[in-house]
Amino acid sequence: MHNIDTQLWITIAISAVAAVVIAVVVWKLAFDKGYTKRKQEAETSIGSAESEAKRIIDEAHKNAASKKREILLEAKEENHKLRLEFDKEVKERRSEISRQERRIQQKEETLDKKIDVLEAKDEKLTKKNRELEMKEEDLAQIRKQQTEMLEKISGYTAEEAKQYLLKQLEAQIRHEAAMLLAEIEQQTKDEAEKRAKNIVALAIQKVAADHAAETTVSVVPLPNDEMKGRIIGREGRNIRTLETLTGIDLIIDDTPEAVIVSGFDPIRREVARLALEKLIADGRIHPARIEETVEKARKDVDNDIKQEGEKATFETGVHGLHPEIIKLLGRLKFRTSYGQNVLKHSIEVSHLSGVMAGELGVDIALAKRAGLLHDLGKSVDHEMEGSHVTIGADLAKKYKENNDVIHAIMAHHGDVEAQTVIACIVQACDAISAARPGARRENLETYIKRLEKLEEIANSFDGVEKSFAIQAGREIRIMVKPEDVNDDAVVLMARDIVKKIEDDLEYPGQIKVNVIREMRAIEYAK
């Protein structure tokens, strides 16, 4: 409708413009030909123009009406067409909605069926659960009755049976672990043996530490080389017995008519040397005879220790010492400190203390006594916990020594402040004796401490009866109690000791850990 009105107004506007144009033309003509003539012509023209304008307007009205009818007809047709399309689309959508409703209805029916099935299954499961609960209660009752019956038959409670089974399982696992560990170690040793030989040979060519060998070996002469075979014994039983009893290592090599006794502990080495000399002189060499000879050698060494202690007291003029202190002094003969013999060092300190005390005008006898006993703790410091200063002071207290002597022992290394002149004298004389040229070698002291620490580590394990560091610290031989440690535990113990040595000890090269378990049965025929 809006388009029709616009077209009508356009037609009217055109007609008005045409009338105005005609009027202007007529007016111009009238002025050109005379007013009257022009007036007549103008009137004629105006009449014609009005007629023409009326005709144009009428025609415009007709055209506008016709155009309006056409536009209305087109609009109706367009509206009808749109309505048909809308109806078609609505119909299609209704059909689609109907299909979707049918599908939804079908799904709801399917879900209802499934819910019914699930409810049925749930009821069955609930019923089965109740049945299972009842069966579990019955089984628990039966299990309880069986357990009570088993406890009654076996004589074990459930907890005791559990512990028994766990112990059996633990023993089996430990056995398997020990076997696997032994197999792995053997494979590793076999694989590394070739390379190790070359490396060790090269190291031996480059390093020669003869200062340790000089103080840790003794040579026993033999009447002939045939004696070596008798010392070794059948299948090595004689040499094994001697090494086990003394804790040293016998080296029988190509050296003519000689056996080397090696061990870092000089007392053990002396016992082994005396025992071996007695056995060679006697000629009867077998395990039983070896045990007797070693025992006699120990007694001889003990007597030698006592004599050395008495000799030291006689040489220094110190009297009235407890017999046990005299024995401890004698043991110092076999103790070295940085390569310096401790007994000789103690005697030297005693003499120096006496001279210095005489110069200062104090008690000479007391000064010599304190000087002689100042390192008393070194006689047993490898057997007891603590420093030799603390051990020496405790021993002096135990055997009722003079308080000034005890104080001098505690102060001679500055562990406590020296409060007496005697303590200051002993401290100074100890430094003089140790610092003189050629008196000490630090390497030997470090070496001895390392071997003592090696034995200490081995002895810290349960079931170890005794241990001996041999081969200049390259091997440690450990004797275990057979009643406390079985064969499988021996393998695991060796591995644990190796691990602890690697963690706690600094050492060159490698250390062989040899754990020995030996069972003996001894009876007497009467």
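The structure displayed is predicted, hence computed values, not measured ones.
Atom CG of L492 and atom CG of D487 lie 11.5 Å apart (nearest 0.5 Å). Atoms CD and CD1, on E518 and I516 in that order, are 8.0 Å from each other to the nearest 0.5 Å. Considering CG of D363 and CD1 of I425, their distance stands at 10.0 Å, rounded to 0.5 Å. Here the CD atom belonging to E136 is positioned 6.5 Å from the CG atom belonging to L132, to the nearest 0.5 angstrom. Note that CZ of R477 and CD of E475 are 5.0 Å apart. Values are rounded to the nearest 0.5 Å. Annotation: the span from K499 atom NZ to D504 atom CG amounts to 9.0 Å, rounded to 0.5 Å.
Of all heavy-atom pairs between A370 and I422, the closest is CB-CG2, 3.9 Å. Taking every heavy atom of both residues into account, A275 and T293 meet most closely at O-CG2, 3.3 Å. Counting all heavy atoms, side chain and backbone alike, K344 lies closest to N341 at N-OD1, 3.1 Å. Between V426 and G371 the shortest heavy-atom distance is CG2-N, 3.9 Å. The two residues D484 and G463 make their nearest non-hydrogen contact at CB-CA, 4.4 Å. In terms of heavy atoms, I290 sits closest to L245 at CG2-CD1, 4.1 Å.
The backbone N or O of T246 sits nowhere less than 3.5 Å from a side-chain atom of R268 that would complete a donor-acceptor pair. Remark: side-chain polar atoms of S346 are paired, donor with acceptor, to backbone N or O of V342 under 3.5 angstrom. Using modelled atom types, no side-chain atom of D375 and backbone atom of K378 make a donor-acceptor pair closer than 3.5 Å. Not one N or O on the side chain of D430 forms a donor-acceptor pair closer than 3.5 Å with the backbone of V349. Here the side chain of D304 pairs no donor or acceptor atom with the backbone of D300 at under 3.5 angstrom. With hydrogens and angles disregarded, no donor-acceptor distance shorter than 3.5 Å links the side chain of R517 to the backbone of K481. In this structure, the side chain of D302 does not engage the main chain of I305 through any donor-acceptor pair within 3.5 Å.
Looking only at side-chain heavy atoms (C-beta outward), L376 and H388 stay at 4.5 Å or farther from each other. Residues M479 and S467 form no side-chain contact, since every pair of their non-hydrogen atoms from C-beta on lies 4.5 Å or further apart. I501 places none of its side-chain heavy atoms less than 4.5 Å from the side chain of V498. Inter-residue side-chain proximity for F468 and I248 is flagged as unmet; no heavy-atom pair is nearer than 4.5 Å. Here the side chains of N238 and R230 are not in contact, with every heavy-atom distance at 4.5 Å or above. Taking the side chain as every heavy atom from C-beta outward, S387 and T390 approach each other to under 4.5 Å. Contact of the L250 side chain with the I260 side chain is not registered, since no non-hydrogen atoms from C-beta on lie closer than 4.5 Å. For the pair L274/E277, a side-chain contact is recorded, criterion being any heavy-atom separation below 4.5 Å from C-beta on.
Atom NZ of K466 has more than 12 neighbouring heavy atoms from other residues, nucleotides or ligands inside a 6.0 Å radius. For CD of E131, the number of neighbouring non-hydrogen atoms (other residues, nucleotides, ligands) closer than 6.0 Å is greater than 12. Other residues, nucleotides and ligands place no more than 12 heavy atoms under 6.0 Å from the CD atom of E235. A 6.0 Å sphere centred on NZ of K228 holds more than 12 heavy atoms belonging to other residues, nucleotides or ligands. Within a 6.0 Å radius of CD in E359, other residues, nucleotides and ligands contribute 12 heavy atoms or fewer. Surrounding CG of D138 are more than 12 heavy atoms belonging to other residues, nucleotides or ligands, all under 6.0 Å away.
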Taking it one step at a time, do M227 and I285 satisfy side-chain contact (heavy atoms from CB on, under 4.5 Å)? CA-CA 10 Å; M227 185 61 69; I285 305 176; 3.8 Å; yes
Please test E137 against Q141 for side-chain contact (heavy atoms from CB on, under 4.5 Å), starting from the C-alpha separation and ending with a verdict. CA-CA 6 Å; E137 292 176 358; Q141 187 66 26; over 6 Å; no
Run M356 and L352 through side-chain contact (heavy atoms from CB on, under 4.5 Å) and show every step you take. CA-CA 6 Å; M356 195 174 291; L352 290 171; 5.9 Å; no
Between V480 and M493, is a side-chain contact (heavy atoms from CB on, under 4.5 Å) present by the stated rule, with each step listed? CA-CA 10 Å; V480 299; M493 178 182 286; 3.7 Å; yes
Candidate pair R289 and E292, rule salt bridge (charged side-chain N to carboxylate O under 4.0 Å, His left out), full reasoning: CA-CA 5 Å; R289 180 62 179 168; E292 295 176 4; 3.5 Å; yes
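Salt bridge R130/E133: absent, no basic N to carboxylate O contact under 4.0 Å. Checked for salt-bridge contact, K500 and D503 miss the test: no charged N lies under 4.0 Å from a carboxylate O. Taking a cutoff of 4.0 Å between a charged side-chain nitrogen and a carboxylate oxygen, K453 and E455 do not qualify as a salt bridge.
No hydrogens or angles considered: nothing links the side chains of S350 and S353 as a donor-acceptor pair under 3.5 Å.
Applying the ring pair (Phe, Tyr, Trp, His ring centres under 6.0 Å) test to every pair with at least one member in residues 361-380, sequence neighbours left out, gives these pairs: H345-H374, H374-H412.
Of the listed residues (V220, V271, L242, I251), just one forms a side-chain contact (heavy atoms from CB on, under 4.5 Å) with V261, and that residue is V220.
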Would you be so kind as to tabulate the donor-acceptor pairs closer than 3.5 Å made by side chains of residues 394-411, with sequence neighbours excluded?
from, atom 1, to, atom 2, distance (Å)
E401, OE1, R369, NE, 2.9
E401, OE2, R369, NH2, 3.1
N402, OD1, D404, N, 2.7
H407, NE2, Q419, N, 2.9

Expected list for residues 315-333: side-chain donor-acceptor pairs under 3.5 angstrom, two or more places apart:
from, atom 1, to, atom 2, distance (Å)
T316, OG1, A312, O, 2.9
T316, OG1, T313, O, 3.4
H322, ND1, E324, N, 3.1
R331, NE, S379, O, 3.4
R331, NH2, E383, OE2, 3.0
K333, NZ, E308, OE2, 3.3

